[in-house]
Amino acid sequence: MAIRKTNKLPRVFSGIQPSGSVHLGNYLGAIKGWIERQETKENFFCIVDLHAITNWQDPESLRHQTRSLAAVLFAAGLSPLKSTLFVQSHVSAHSEIAWILNCVTPIGWLERMTQYKDKIANEESVSTGILDYPVLMAGDILLYDTDEVPVGEDQKQHVELTRDIARRFNNIYGESFVIPEVVIPKVGARIMGLNDPLVKMSKSHEHIRGHAIALLEEPKEIERNIMRSVTDSGSEIRFSDEPEKAGVNNLLGIYGVIMKKNRSLVEKDFVDSSGYSGLKRRVAEIVIEELRPIRKAYYELMSDVSELDRLLAKGRDKAEQIASLKMQDVKTRVGFVKPH
Ligand code: ATP
Ligand code: LTN
């Protein structure tokens with residue numbers, strides 16, 4: 001049976017790539033929710049550097065981004081007392097389990113993944129890592145007997161695949177893995193690019209001017225990007241699924257998550273607004289206010305890198321304890337000889 005205590009809080013696992021600057025989509029779609037639910041769950045959050053190198057990363061930048069991401073998460077309110085934050089490559093069980101899960105995962109399951117199909121569409125040469133990305137992610141989740149995986153909408157299919165892989169392994173080798181549930185926020189699960197509201201805000205497009213709002217961006221820059229965001233030629237401020245209203249829809253969504261208001265309350269707030277520029281100005285204001293304390297805390301944390309590394313080492317120790325027990329169980333089931 002799964003090695004799991006019975007009387008404890010639900011266990012949560014989620015991951016984030018140190019592959020670029022954390023943006024408002026990551027924050028509203030994932031990080032903010034992780035932090036708000038810290039009290040009521042047992043939390044494992046992982047900086048997934050092994051996933052990040054499925055695309056080329058400059059080594060020095062990757063090292064910097066990894067620490068920087070840890071600082072952003074702590075600055076945003078992740079508490080080292082309530083949550084375990086660690087770096088994926090620090091716990092070797094993640095690579096080990098991925099290999100074993102590869103051997104029970106049909107290639108066809110991976111070729112079906114929409115993120116894989118999107119990623120290979122514009123690439124001439126695609127690494128095996130891009131195809132195998134969801135198996136590594138399944139390993140992350142299954143190592144910890146995870147109950148809940150809070151992610152943005154774009155990762156839903158990967159968590160569903162994780163469930164399939166876990167069931168297949170359990171059928172072949174006996175019940176080792178807990179089958180995890182995906183948790184998608186009701187609002188904010190898909191923040192769109194400010195330059196193109198039909199495309200998800202993404203680290204991979206951060207080089208495009210005006211696409212994303214980086215969490216550490218200066219207030220002036222945030223304001224400029226929001227004021228320049230693409231809307232439509234109309235003037236109606238309402239939620240809508242029509243593609244031409246996607247820009248306004250996105251701005252209202254951002255406002256709703258930050259203000260914790262439902263759709264009708266959000267729309268009410270803009271009944272007397274002075275057109276789209278009033279909407280944009282108000283959204284810029286609240287985004288700036290939301291991010292201001294995070295920026296301040298971030299620079300304090302980054303001024304003491306050894307303390308940051310110490311916190312990550314503490315996280316690693318906790319994660320490793322659990323992951324190595326699961327790895328032993330998995331290796332025994334598969335038929336590996338235990339070293340003397
Ligand atoms: P990339 O698009 O380059 O793959 P990313 O921006 O999606 O990177 P990740 O590190 O892969 O960043 O995602 C971290 C978390 O943020 C995941 O839970 C993901 O679902 C969520 N997320 C990413 N983009 C958005 C978005 N635009 N809206 C809401 N949630 C998002
Ligand atoms: N693939 C995810 C990051 C990720 C993750 C995970 C999320 C890696 N391992 C485990 C949840 C659980 C992404 O690109 N956002």
Side-chain angles (χ1 to χ4, degrees), residues 11-35 43-57 65-66 68-69 72-73 76 86-89 91 94-95 97-98 101 113-116 118-119 129-130 132-144 146-163 165-166 180-208 211-215 246 249-250 253-254 257 319 323:
R11 189 175 284 166
V12 167
F13 187 101
S14 201
I16 181 162
Q17 302 186 68
S19 50
S21 313
V22 180
H23 54 72
L24 195 66
N26 300 136
Y27 176 68
L28 298 180
I31 299 168
K32 194 170 159 67
W34 300 351
I35 288 163
N43 308 285
F44 288 82
F45 298 119
C46 186
I47 297 178
V48 292
D49 51 355
L50 299 173
H51 279 103
I53 61 162
T54 55
N55 289 309
W56 158 252
Q57 305 294 328
Q65 300 275 22
T66 300
S68 167
L69 178 53
V72 166
L73 294 170
F86 69 103
V87 177
Q88 191 182 30
S89 66
V91 180
H94 289 256
S95 306
I97 198 154
L101 295 179
M113 293 294 109
T114 48
Q115 197 169 71
Y116 168 70
D118 290 349
K119 281 191 177 169
I130 295 265
D132 206 26
Y133 181 109
V135 178
L136 180 61
M137 175 164 164
D140 297 342
I141 296 168
L142 298 177
L143 272 176
Y144 296 87
T146 302
D147 299 303
E148 296 174 15
V149 186
V151 281
E153 182 72 40
D154 61 313
Q155 295 301 311
K156 188 168 173 224
Q157 196 185 32
H158 289 162
V159 182
E160 280 159 3
L161 180 79
T162 299
R163 291 164 59 88
I165 295 174
E181 300 291 335
V182 65
V183 177
I184 310 276
K186 286 194 189 69
V187 274
R190 200 169 164 78
I191 303 295
M192 310 307 281
L194 297 180
N195 64 324
D196 179 354
L198 297 176
V199 172
K200 165 188 107 90
M201 190 178 282
S202 161
K203 293 201 194 97
S204 325
H205 302 318
E206 69 181 11
H207 55 280
I208 302 173
H211 168 76
I213 293 180
L215 233 57
N249 199 63
N250 193 36
I254 292 171
V257 194

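We count ligands from 1, going down the list as the structure has it; atoms in each ligand are counted the same way.
- Distances below 4.0 Å separate heavy atoms of R190 from the following atoms of ligand 1: 28 (N), 29 (C).
- Donor-acceptor pairing under 3.5 Å is lacking for the side chains of H211 and E206.
- In V159, neither the side chain nor the backbone holds a heavy atom less than 4.0 Å from any atom of ligand 2.
- Close approach of ligand 2 to V149 is summarised as follows: ligand atoms under 4.0 Å from at least one heavy atom of the residue are 11 (C), 12 (C).
- Nearest to atom 28 (N) of ligand 1 by heavy-atom distance, out of I16, N250, I191, is I191.
- Here the heavy atom of the protein found nearest to atom 7 (C) of ligand 2 is G15 N, 3.3 Å.
- Here the straight-line distance linking atom CD1 of I191 with atom CD1 of I213 works out to 9.5 Å at 0.5 Å rounding.
- Minimum interatomic distance between W34 and S14 (heavy atoms only, all atoms of both residues): CZ2-OG, 3.2 Å.
- Contacts between D154 and ligand 2, counted as non-hydrogen atom pairs separated by less than 4.0 Å, are absent for every part of the residue.
- Residue, atom and distance of the protein heavy atom nearest to atom 30 (N) of ligand 1 are G25 O, 3.2 Å.
- Between D140 and ligand 2, at least one pair of N/O atoms sits closer than 3.5 Å.
- Below 4.0 Å from some heavy atom of Q17 lie the following atoms of ligand 2, by number and element: 14 (O).
- Between the side chains of S89 and D49, at least one donor-acceptor pair of N or O atoms lies under 3.5 Å.
- Nearest non-hydrogen protein atom to atom 2 (O) of ligand 1 is S202 OG, 2.5 Å.
- With respect to atom 1 (N) of ligand 2, the closest heavy atom belonging to the protein is Y133 OH, 2.7 Å.
- Closest heavy-atom approach to atom 20 (O) of ligand 1 among the candidates D154, V149, V151: D154.
- Of the candidates I184, L28, N26, N26 brings a heavy atom nearest to atom 23 (C) of ligand 1.
- Considering all non-hydrogen atoms of both residues, M201 and M192 come closest at CE-O, 3.5 Å.
- What you find for P185 and G29 is that their closest heavy atoms are CG-O, 3.4 Å.
- No side-chain N or O of Q57 forms a donor-acceptor pair with one of S19 less than 3.5 Å apart.
- Counting protein heavy atoms only, atom 29 (C) of ligand 1 is closest to A189 O, 3.1 Å.
- In summary, the atoms of ligand 2 found under 4.0 Å from a heavy atom of V48, numbered by their order in the structure, are 8 (C), 9 (N).
- With ring centers used as reference points, Y116 lies 6.0 Å or more from H158.
- The two residues S95 and L50 make their nearest non-hydrogen contact at OG-CD1, 3.5 Å.
- Protein heavy atom in closest approach to atom 3 (O) of ligand 1: S204 OG, 2.3 Å.
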Does the pair H94 and L143 meet the rule for a side chain to side chain contact (heavy atoms under 4.5 Å, CB included), with working shown? CA-CA 8 Å; H94 289 256; L143 272 176; 3.8 Å; yes
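- For the pair L136 and Q88, the tightest heavy-atom approach, listed with the atom from each and the gap, is CG-NE2, 3.7 Å.
- Nearest to atom 17 (C) of ligand 1 among the protein's heavy atoms is G152 N, 4.2 Å.
- Of the heavy atoms in I141, only side-chain atoms (C-beta onward) come closer than 4.0 Å to ligand 2.
- Residue F13 approaches ligand 2 through these ligand atoms, each under 4.0 Å from one of its heavy atoms: 10 (C), 12 (C).
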Salt bridge (charged side-chain N to carboxylate O under 4.0 Å, His left out) between E153 and K200, worked out: CA-CA 10 Å; E153 182 72 40; K200 165 188 107 90; over 6 Å; no
Could you walk me through whether F44 and F13 pass the ring pair (Phe, Tyr, Trp, His ring centres under 6.0 Å) check? CA-CA 5 Å; F44 288 82; F13 187 101; 7.0 Å; no
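- The residue Q88 has no part lying near ligand 2, judged by heavy-atom distances below 4.0 Å.
- Between the side chain of R163 and the backbone N or O of P180, at least one donor-acceptor pair lies under 3.5 Å.
- Ligand 1 is approached by H23 to a heavy-atom distance shorter than 4.0 Å.
- At a heavy-atom cutoff of 4.0 Å, ligand 1 is contacted by the side chain of A30 but not by its backbone.
- Looking at K203, K200, Q17, it is K200 that brings a heavy atom closest to atom 7 (O) of ligand 1.
- Annotation for ligand 1: atoms under 4.0 Å from non-hydrogen atoms of Q155 are 20 (O).
- Set against the non-hydrogen atoms of V151, the atoms of ligand 2 under 4.0 Å away are 7 (C), 11 (C).
- Below 3.5 Å of separation, one finds an N or O of Q155 facing an N or O of ligand 2.
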